[in-house]
2 protein chains.
Amino acid sequence: MQGEGLLRVTGDDGERTDAARNRRLLLDAAAEIVATCGAERLTTDAVARRAGVGKGTVFRRFGSRAGLMHALADEAGREFQQAFMSGPPPLGPGAPPLERLIAFGEASIARMRLDGQILRATEQQGGPDLEHPTQRLVRLHLAILLRGIGASDPEVGAYHLAAVLNAGLLLHLQDDRGMSVERLTASWAALVSALAA
Amino acid sequence: MQGEGLLRVTGDDGERTDAARNRRLLLDAAAEIVATCGAERLTTDAVARRAGVGKGTVFRRFGSRAGLMHALADEAGREFQQAFMSGPPPLGPGAPPLERLIAFGEASIARMRLDGQILRATEQQGGPDLEHPTQRLVRLHLAILLRGIGASDPEVGAYHLAAVLNAGLLLHLQDDRGMSVERLTASWAALVSALAA
DNA sequence: GAATAAAACGGACCGTGGTCCGCTTGACCC
DNA sequence: GGGTCAAGCGGACCACGGTCCGTTTTATTC
């Protein structure tokens, strides 16, 4: 078909076509199950069955249940990611760092209503994978903004802020403790404003 | 022995003597296994076997593996709890709130070397139980100190600070990212100092 | 098209957390 | 002591995440 010669690589990302097809199948199946039964009730067997593939394939593609959840979360969060990386201010570039920080927290909190369930599922079981590419990207972003407001040690500060915005906490405060979005965003704003010395 | 009459309660906490004995047996067995193989490798079967009781008893007493870990962590942390509740300043009462906050973070970070493993184990699997009595006590303490330094919304602030001090994060930063205790305590101090407007 | 080897597949299998239920034990009353 | 009954016990059992390995598919070369 395309004759490369040395590498046995073929798909777009070096993924065989059947592999790519199954990945989509699995992702779609997983999304449906989450939509139907909730992220908690998603089992790897069910995903495999629904996608019409073997269970081994789930783990070959995603490594673990958490990996599958991560992939799902990344798909859901791509829009958000683009918004804070290159969208319009104040979330995207153009606004002063403190405003962007505040907007980032607001957006994160607002996002929970939509895909908080999936996000929380990625955090559970073995603790959040703090070095997952998406997490790193978020922290890099936060670190840059922290540096922009003159915070000391932006790297550790980014870990702190990311911890404050984790889905498990945010959902708990909203759903179990009945705290309003306004209150949470206000607290976030107070926090980051204080950091801008 | 003591003839009560109506209630069938007997032990100190309304626990039958065999139940109390088995709880100790299980706690000791668990502590030994953690010391030997690490908290990650602790299985409920192994604890039951080592304690010489049935597996069902583990779950009757502690509800879940996480519950057992919590009980273990609470035993290990009793000293720390007394230290910040009624020990000498600056950790205990007597010092100004900001200093107590800083000391609390320092002590929490230092504590990781000793029982971080157990603490992390309590956080994993199903996410940390934010409403566990111990967690609530910590947050209550933090909230009081936050109020003392004039922070806005001490209640939410306490959740924030507790999230920053969670064992999974602290151990990750120290062990996987090679950050020094000094750096982490400095970041913590910077954070709470900023909050004291 | 035939040959080939790497990649992917699938589902039996395993370990572990958690449940269930018939049996035992301990506390209390007489 | 003997009777009672709730509390406790134990281990077979189940569900689910994750592994393993023999089989199938895919891409590529000739």
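All chains are named by letter (A, B, ...) in the order of the sequence lines, taking the proteins before the strands, and each is independently numbered beginning at 1.
Distance R49(B) CZ to dG15(C) P: 12 Å, rounded to the nearest Å. In this structure, the CG atom of L68(B) is 14 Å from the C1' atom of dG18(C), given to the nearest Å. Rounding to whole angstrom units, CG of residue L26(B) and C1' of dG18(C) are separated by 15 Å. Regarding F59(A), its CZ atom lies at a distance of 22 Å from the P atom of dA7(C), rounded to whole Å. Following rounding to the nearest Å, Q124(B) (CD) and dG17(C) (P) show an atom-to-atom distance of 12 Å. In this structure, the CZ atom of R23(B) is 11 Å from the P atom of dG8(D), given to the nearest Å.
Contact annotation: T44(B) reaches the phosphate of dG17(C) (side-chain N/O to OP1 or OP2, under 4.0 Å). Between N22(B) and the phosphate of dC9(D), there is a side-chain N or O to OP1/OP2 separation shorter than 4.0 Å. Contact check, T43(B) against dG15(C): no side-chain N or O comes under 4.0 Å of OP1 or OP2. The side chain of R61(A) places an N or O atom within less than 4.0 Å of a non-bridging phosphate oxygen (OP1 or OP2) of dA8(C). Taking 4.0 angstrom as the limit, T57(A) places a side-chain polar atom (N or O) nearer than this to OP1 or OP2 of dG10(C).
V53(A) comes within 4.0 angstrom of sugar-phosphate atoms only, judged by non-hydrogen atoms across all strands, and of no base. Among the heavy atoms of the strands lying under 4.0 Å from L42(B) are primed sugar atoms or P, OP1, OP2 only; no base atom is included.
Judged by distance alone with a 3.5 Å cut-off, a donor-acceptor contact links the side chain of R16(A) to the base of dA7(C).
Both D45(B) and R21(B) lie near DNA chain D, and the one whose nearest nucleotide falls closer to the 5' end is R21(B). In this structure, R60(A) and R65(B) both approach DNA chain C, and ranking their closest nucleotides by distance from the 5' end singles out R60(A). With DNA chain C read from its 5' end, the first of the two nearest nucleotides for A66(B) and D18(B) is the one closest to A66(B).
For the residue pair N22(B) and T57(B), no side-chain donor N or O sits within less than 3.5 Å of a side-chain acceptor on the partner.
Looking at heavy atoms from C-beta onward, F104(B) lies out of side-chain contact with L161(B) at the 4.5 angstrom threshold.
Comparing dC9(C), dG17(C), dG17(D) by their closest approach to the side chain of K55(A) singles out dG17(D).
Judged by a 6.0 Å distance limit and a 45° cone about the ring axis, R100(A) is not positioned over the six-membered ring of F84(A).
Counting only distance, with no hydrogens or angles, the side chain of Q117(B) and the backbone of A39(B) share a donor-acceptor pair below 3.5 Å.
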